[in-house]
Amino acid sequence: MSENDKLKKRAAEILKRLEKEYPAAKCHLEFRNPFELLVSTILSAQCTDARVNMIMTPLYENKYKSPDDILADGLENFRENIKSCNFFNNKAKSVLAICNILKKDYNGKVPDSLEELTKLPGIGRKSANVILGNCFGKKDVIIVDTHFKRVTGRLGLTDNDEPEKIEADLKKLIPPAKQYVFSHVIGDHGRYVCGARKPKCGVCVLNDVCPSDSLKK
DNA sequence: CTCCCGATAT
DNA sequence: ATATCAGGAG
């Protein structure tokens with residue numbers, strides 16, 4: 001068996017166990033349509049989903065129902081509303097710029113291709129893949145966020161540090177139809193067990209297939 | 001590579 | 001006190 005086949009087999013075993021562990025794994029951001037997820041995804045950078053939801057869910061219901069609503073409210077007001085998220089200045093500018101682009105080029109709708117999404121200011125590959133997977137039903141998306149990078153690295157599924165290379169590495173290991181699910185169960189595992197500071201190796205269902213012995217003590 | 005630049009857990 | 005939170009742009 002080749003080295004890549006061994007890795008593939010281990011990735012399949014990891015996916016199997018995590019699917020059992022997190023049967024309801026999904027996006028933790030609250031949204032009712034692609035526009036809401038687009039905005040919340042920008043705000044979620046270096047900030048917890050719980051905080052984004054706390055701020056934005058009431059605003060979507062009462063105030064920001066469309067790009068026009070955010071544009072009408074203006075940059076200053078929007079920035080004040082999202083102040084408790086991180087990087088509020090850049091995020092507010094990105095959101096307002098995107099609202100203008102959606103209005104001008106997309107008839108107010110969110111585009112559904114990686115190329116178009118990543119052209120939008122504040123939307124990189126991670127955010128684009130979140131939208132494609134959660135709003136447009138795309139299954140062959142590997143979503144590389146900070147959790148994904150940490151957990152797949154510890155599991156020895158990639159040697160790379162660069163998000164785009166990690167994405168490519170895992171696309172070779174996980175079948176296309178399973179990539180969306182894999183992204184979410186890895187995310188949940190990173191959040192609940194394989195945390196950045198004190199990974200709970202004692203209760204980890206992947207303990208025996210994880211090569212990161214230094215973490216286990 | 002740096003900057004962005006708030007809230008929370010440890 | 002500090003590392004980290006579902007990153008992206010210049």
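Labels below follow one simple rule: chain letters A, B, ... track the order of the sequence lines, proteins then strands, and each chain is numbered from 1.
- Nucleotides dA6(C) and dC3(B) are separated by 24 Å at their P atoms, to the nearest Å.
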Quiz item: How does protein contact run along nucleotides 3-10 of chain B, one letter per nucleotide 5' to 3', with B for base contact, S for sugar-phosphate only, - for none, heavy atoms under 4.0 Å?
Solution: -BBBSSBB
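- The side chain to side chain contact (heavy atoms under 4.5 Å, CB included) check on Asn107(A) picks up nothing, with sequence neighbours excluded.
- Within 4.0 Å (heavy atoms only), Gly124(A) reaches sugar-phosphate atoms of the nucleic acid but no base atom.
- A distance of about 22 Å separates the C1' atoms of dG10(C) and dG6(B), rounded to the whole Å.
- Residue pairs meeting the ring-ring contact (aromatic ring centres under 6.0 Å, His included) criterion with at least one partner in residues 27-60 of chain A, sequence neighbours excluded, are absent.
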Going by atom type alone, with no hydrogens or angles, which donor-acceptor pairs under 3.5 Å involve a side-chain atom of residues 18-26 of chain A and a protein atom two or more places apart or on another chain?
unit_1   : atom_1 : unit_2    : atom_2 : d
Glu19(A) : OE2    : Lys178(A) : NZ     : 3.3
Tyr22(A) : OH     : His189(A) : ND1    : 2.8

Practice problem: For Lys171(A) and Asp169(A), run salt bridge (charged side-chain N to carboxylate O under 4.0 Å, His left out): C-alpha distance rounded to whole Å, both residues' side-chain angles, the deciding distance at 0.1 Å, then the answer. | Solution: CA-CA 6 Å; Lys171(A) 284 218 167 201; Asp169(A) 287 343; over 6 Å; no
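- The distance between atom CD1 of Ile123(A) and atom P of dA9(C), rounded to the nearest whole Å, is 8 Å.
- Listed in residue order, the members of residues 156-181 of chain A having a heavy atom less than 4.0 Å from DNA chain C come to none.
- Between Leu117(A) atom CG and dA9(C) atom P there is a gap of 12 Å when expressed in whole angstrom units.
- The distance between atom CD1 of Ile98(A) and atom C1' of dG8(C), rounded to the nearest whole Å, is 11 Å.
- Neither OP1 nor OP2 of dG8(C) sits under 4.0 Å from any side-chain N or O of Arg125(A).
- Residue pairs meeting the salt bridge (Lys or Arg N to Asp or Glu O under 4.0 Å) criterion with at least one member in residues 34-56 of chain A, sequence neighbours excluded: Arg32(A)-Glu36(A).
- Applying the 6.0 Å contact sphere to CG of Asp161(A) captures no more than 12 heavy atoms from other residues, nucleotides or ligands.
- Counting only residues at least two apart or on different chains, no ring-ring contact (aromatic ring centres under 6.0 Å, His included) pair has a member in residues 38-57 of chain A.
- Sorted by first and then second residue, the pairs that involve residues 65-120 of chain A and meet ring-ring contact (aromatic ring centres under 6.0 Å, His included), not counting sequence neighbours, are Tyr64(A)-Phe78(A).
- The nearest heavy atom of DNA chain C to Thr41(A) and to Ala196(A) marks one nucleotide each, and the one closer to the 5' end goes with Ala196(A).
- Here ring-ring contact (aromatic ring centres under 6.0 Å, His included) pairs that include residues 133-172 of chain A, with residues two or more places apart or in two chains, are Phe148(A)-Phe182(A).
- Computed from coordinates, the Asn53(A) CG to dA6(C) C1' distance equals 11 Å when rounded to whole Å.
- Residue-level contact check: Lys26(A) touches the bases, meaning some heavy atom is under 4.0 Å from a base atom.
- Counting any heavy atom pair closer than 4.0 Å across all strands shown, Leu120(A) reaches sugar-phosphate atoms only and no base atom.
- Judged purely by atom type and a 3.5 angstrom limit, Arg150(A) uses its side chain to pair as donor or acceptor with the backbone of Gly190(A).
- Annotation: salt bridge (Lys or Arg N to Asp or Glu O under 4.0 Å) contacts involving residues 55-65 of chain A, sequence neighbours excluded, comprise Lys63(A)-Asp73(A).
- Judged as a salt bridge (Lys or Arg N to Asp or Glu O under 4.0 Å), the pairs with a partner in residues 100-124 of chain A (not counting sequence neighbours) are, in order, Asp68(A)-Lys103(A).
- Across residues 134-147 of chain A, Ile143(A), Asp145(A), Thr146(A), His147(A) each have a non-hydrogen atom less than 4.0 Å from an atom of DNA chain C (numbered order).
- Where Asp188(A) and Pro121(A) each meet DNA chain C at their nearest nucleotide, the meeting point lying more 5' is that of Asp188(A).
- Distance, Lys91(A) NZ to dC5(C) P: 13 Å, rounded to whole Å.
- Neither OP1 nor OP2 of dT4(C) sits under 4.0 Å from any side-chain N or O of Arg150(A).
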